[in-house]
Amino acid sequence: MKKTLRTLFVAAICCLTFKATDACTNYIVTRGASTDGSVMVTYAADSHQLYGALYKSYGGKFKPGSMLAVYDWDSGRYLGDIPQVARTYSTVGNMNEHSLIIAETTYGGRPELADSTGRIDYGSLIYITLQRAKTAREAIETIAELANTYGYASSGESFSIADREEAWIMELIGKGCELDADGNNTRKGIVWVARRIPDGYVSGHANQARITTFPLDDPENCLYAPDVISFAREMGYFDGPDEEFSFCDAYAPADFGTVRGCDARVWDFFRTVADGMEQYTDYAMGYNMENRLPLWVKPRTKVDPKTLFNTMRSHYEGTPMDMTTDIGAGGHALPYRWRPMEFEVDGESYLNERATATQQTGFWFTAQARPWLPDDMGILWFGVDDAATSCLTPIYCSITEVPECLSEETGSMLSYSPNSAFWLFNRVTNFAYLRYDMISADIRKVVDEWENARLEEVKQIDEAVVNDSQKKRQKELTRYSVEMAQELFNRWQLLDQYLLLKYIDGNLKSEHGDVLDYLENPTAAHFVDNGNGCEIPDNIQFPGYSEKWKRAVAADHGDVVKVIKNQ
């Protein structure tokens, strides 16, 4: 594992207060719930410090005695060396060459369960496990073994773990730190539960532990640490019958902040794909903690990949938490509120909503494990920056090369690069925040055209290579993945130019056609000129602000800005 990978994740601190709910989101679709029979997992890696890049590690064989250095993903702190295994698998992003997928969200949990002596953190658990396991069940076993052997260095974590057949949610937390005379932690390890999502259902998690009670005698569908209940009793977190034990109530009790800022995102996904979710609106808003959201639901119809892509772009539109409708959206329906997530007025605290799509996303993806194809043909639909105004491109899980525009070497959060997709997408998106209602609509036209075209195109790629030798197939899938990423980068450069031309200085130029016409032929005379041959625009429009915003300004400052008519 490359040392530079240690900077991949910067997780939120524990999600026990509203201010800490700015981390990640996972949605999960099982085989029987997807239109094409794939298992799908989404992930938004959200952090104000995370540079969005596509990380690649190469599998290999290692001699006995080889060691692996482990670095904390949040801080880059060296945690120690652990023995390397004899054989590792290649990975790209959060998927390995066998279509195993692992994603995460941090829920924090009880702070006294942190282990300062731990030698393996949650990010290392993901990537080391991807290098060592082929299936979801193997991954669960590997995660537990690694954390129990070397000590767990992070706070409470939810993992989405999926392969070509099934999908699981695994939730874990450390046991705290109690040192003996030699300085060894006598509580080393984790308590955990993993539940298999029933086929035909969807699930999700977003920085709040989701597993409540669970079956104690169903190893086909539920696995857990042998001391997960007894340790809770020992710590005074639980004193009822075993069958009433709830993992999240014991180890990560929910409150208004963790529900409104975390579980609400899962509810938003559920309401998009399933019926009857309005009954949980009061829970999602943090008003009724007893009306708890189920761990999984059955969708009204099977979920296609594009629909799943779009669930990651939600700002709670059409719900009471819709951020485009209140005065905080400004004059152009901006669905974002800059941090911090709470503010105070006259001694009262108020919140800024935390929706699924958020400005501080480093990278995001929808991973597809596809059981009807060889296991090296899984796809990681990968994007960088804010999901609502960025685009996913197909990356096959067996590629041998990372596109330059997505490489970790191309830039950083402290080093701008004109060749970096992360910085290019941020340029476009931050410009969109100025006049979101208009500019984001143009961006979404490009997003939808690109993603729909690639979804159809990969079917042709699959058919063309499925019967090739693995080596030949790998070469072709690498070529296609790299070329598509670069083509998307080039397209976004043209989009950047188009948006500046069209919306400069708050104006709105008239045009022949729309953004898709411009991208198809950027050298054509696209914007309307005055006909004098000097490239001077004609029919410039001044759209102004929303009616709600104008009324708010009039109410707040009308005595100063009111126009006095001549007498």
Side-chain angles (χ1 to χ4, degrees), residues 14-16 28 105-114 137 140-141 143-144 147-148 152 155-161 166-176 187 189-198 201-260 262-264 266-267 270 274 276-277 279-298:
C14 69
C15 189
L16 291 177
I28 308 165
T105 72
T106 300
Y107 64 79
R110 295 186 181 273
E112 67 269 22
L113 298 183
R137 291 175 188 267
I140 293 167
E141 180 181 345
I143 288 171
N148 286 328
Y152 181 55
S155 61
E157 196 75 23
S158 300
F159 290 113
S160 301
I161 307 174
E166 56 187 16
W168 293 70
I169 292 179
M170 180 182 189
E171 295 190 329
L172 59 87
I173 195 167
K175 299 181 183 179
R187 288 183 177 170
I190 56 173
V191 286
W192 59 274
V193 177
R195 297 206 65 182
R196 179 177 175 267
I197 303 166
Y201 286 73
V202 302
S203 189
H205 51 91
N207 308 123
Q208 167 57 33
R210 301 263 291 123
I211 297 176
T212 55
T213 57
F214 52 91
L216 302 176
D217 56 356
D218 185 10
E220 181 65 22
N221 298 295
C222 183
L223 303 169
Y224 54 91
D227 60 345
V228 66
I229 299 176
S230 61
F231 182 74
R233 292 185 190 279
E234 176 188 336
M235 296 297 292
Y237 303 151
F238 176 71
D239 61 2
D242 284 3
E243 59 270 17
E244 295 180 6
F245 176 76
S246 164
F247 182 88
C248 67
D249 290 331
Y251 294 112
D255 58 23
F256 171 82
T258 63
V259 171
R260 183 66 169 261
C262 303
D263 271 356
V266 179
W267 167 80
F270 284 1
M277 291 301 106
Q279 66 180 298
Y280 300 106
T281 303
D282 59 350
Y283 174 77
M285 297 186 72
Y287 299 158
N288 184 359
M289 307 296 285
E290 301 302 316
N291 189 28
R292 181 166 291 176
L293 198 66
L295 182 56
W296 46 63
V297 297
K298 192 174 183 65

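Hydrogens, waters and symmetry mates are skipped; everything else that's a heavy atom, side chains included, is used.
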Original post:
What pairs meet the salt bridge (Lys or Arg N to Asp or Glu O under 4.0 Å) rule with one or both residues in residues 202-213, with sequence neighbours excluded?
Top reply: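 Applying salt bridge (Lys or Arg N to Asp or Glu O under 4.0 Å) to every pair that reaches into residues 202-213, excluding sequence neighbours, yields nothing.
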For the student: nearest non-hydrogen atoms of [X] and [Y], plus distance:
{"X": "C222", "Y": "V193", "result": "SG-CG1, 4.2 Å"}
{"X": "P253", "Y": "A250", "result": "CD-O, 4.4 Å"}
{"X": "R196", "Y": "W168", "result": "N-CE3, 3.2 Å"}
{"X": "S203", "Y": "W296", "result": "CB-CB, 4.0 Å"}
{"X": "A252", "Y": "A209", "result": "CB-CB, 3.8 Å"}

Original post:
Is the number of heavy atoms from other residues, nucleotides or ligands within 6.0 Å of OH (Y201) greater than 12?
Top reply: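 Open: at most 12 neighbouring heavy atoms sit under 6.0 Å from OH of Y201.
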**OP:** Mark yes or no for whether N288, through its side chain, and D282, through its backbone, hold a donor-acceptor pair below 3.5 Å.
**Re:**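 No; judged by distance alone, with no hydrogens or angles, the pair does not exist.
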Original post:
Strictly by modelled atom types, are Y283 and D263 linked by a side-chain donor-acceptor pair under 3.5 Å?
Top reply: yes
[Y] side chain reached by [X] side chain, heavy atoms, under 4.5 Å:
{"X": "V228", "Y": "W192", "value": "no"}
{"X": "F256", "Y": "Y287", "value": "yes"}
{"X": "I190", "Y": "I173", "value": "no"}

Subject >> Salt-bridge criterion met for E171 and R195 (N-O under 4.0 Å) >> reply: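 No, E171 and R195 are not salt-bridged.
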**OP:** Inspect the contact between K175 and D227 and indicate whether a charged nitrogen and a carboxylate oxygen are less than 4.0 angstrom apart.
**Re:** yes
Subject >> Listed partners of E112 passing salt bridge (Lys or Arg N to Asp or Glu O under 4.0 Å), at least two apart >> reply: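 E112 satisfies salt bridge (Lys or Arg N to Asp or Glu O under 4.0 Å) with no other residue.
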Original post:
Mind checking what makes salt bridge (Lys or Arg N to Asp or Glu O under 4.0 Å) contact with D218, not counting sequence neighbours?
Top reply: none
Subject >> Lys/Arg cation over aromatic Y251: R110, 6.0 Å, 45° cone >> reply: no
Subject >> Contacts of type side chain to side chain contact (heavy atoms under 4.5 Å, CB included), residue A254, not counting sequence neighbours >> reply: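 Side chain to side chain contact (heavy atoms under 4.5 Å, CB included) list for A254, sorted by chain: Q208, T258, V259, M289.
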Ignoring hydrogens and angles, write down the donor-acceptor pairs under 3.5 Å from the side chains of residues 239-247, residues two or more places apart or on other chains.
{"unit_1": "D242", "atom_1": "OD1", "unit_2": "R233", "atom_2": "NH2", "d": "2.6"}
{"unit_1": "S246", "atom_1": "OG", "unit_2": "D249", "atom_2": "N", "d": "3.3"}
{"unit_1": "S246", "atom_1": "OG", "unit_2": "D249", "atom_2": "OD2", "d": "3.0"}

Subject >> ring-ring contact (aromatic ring centres under 6.0 Å, His included) partners for F159, two or more places apart >> reply: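 ring-ring contact (aromatic ring centres under 6.0 Å, His included) list for F159, sorted by chain: empty.
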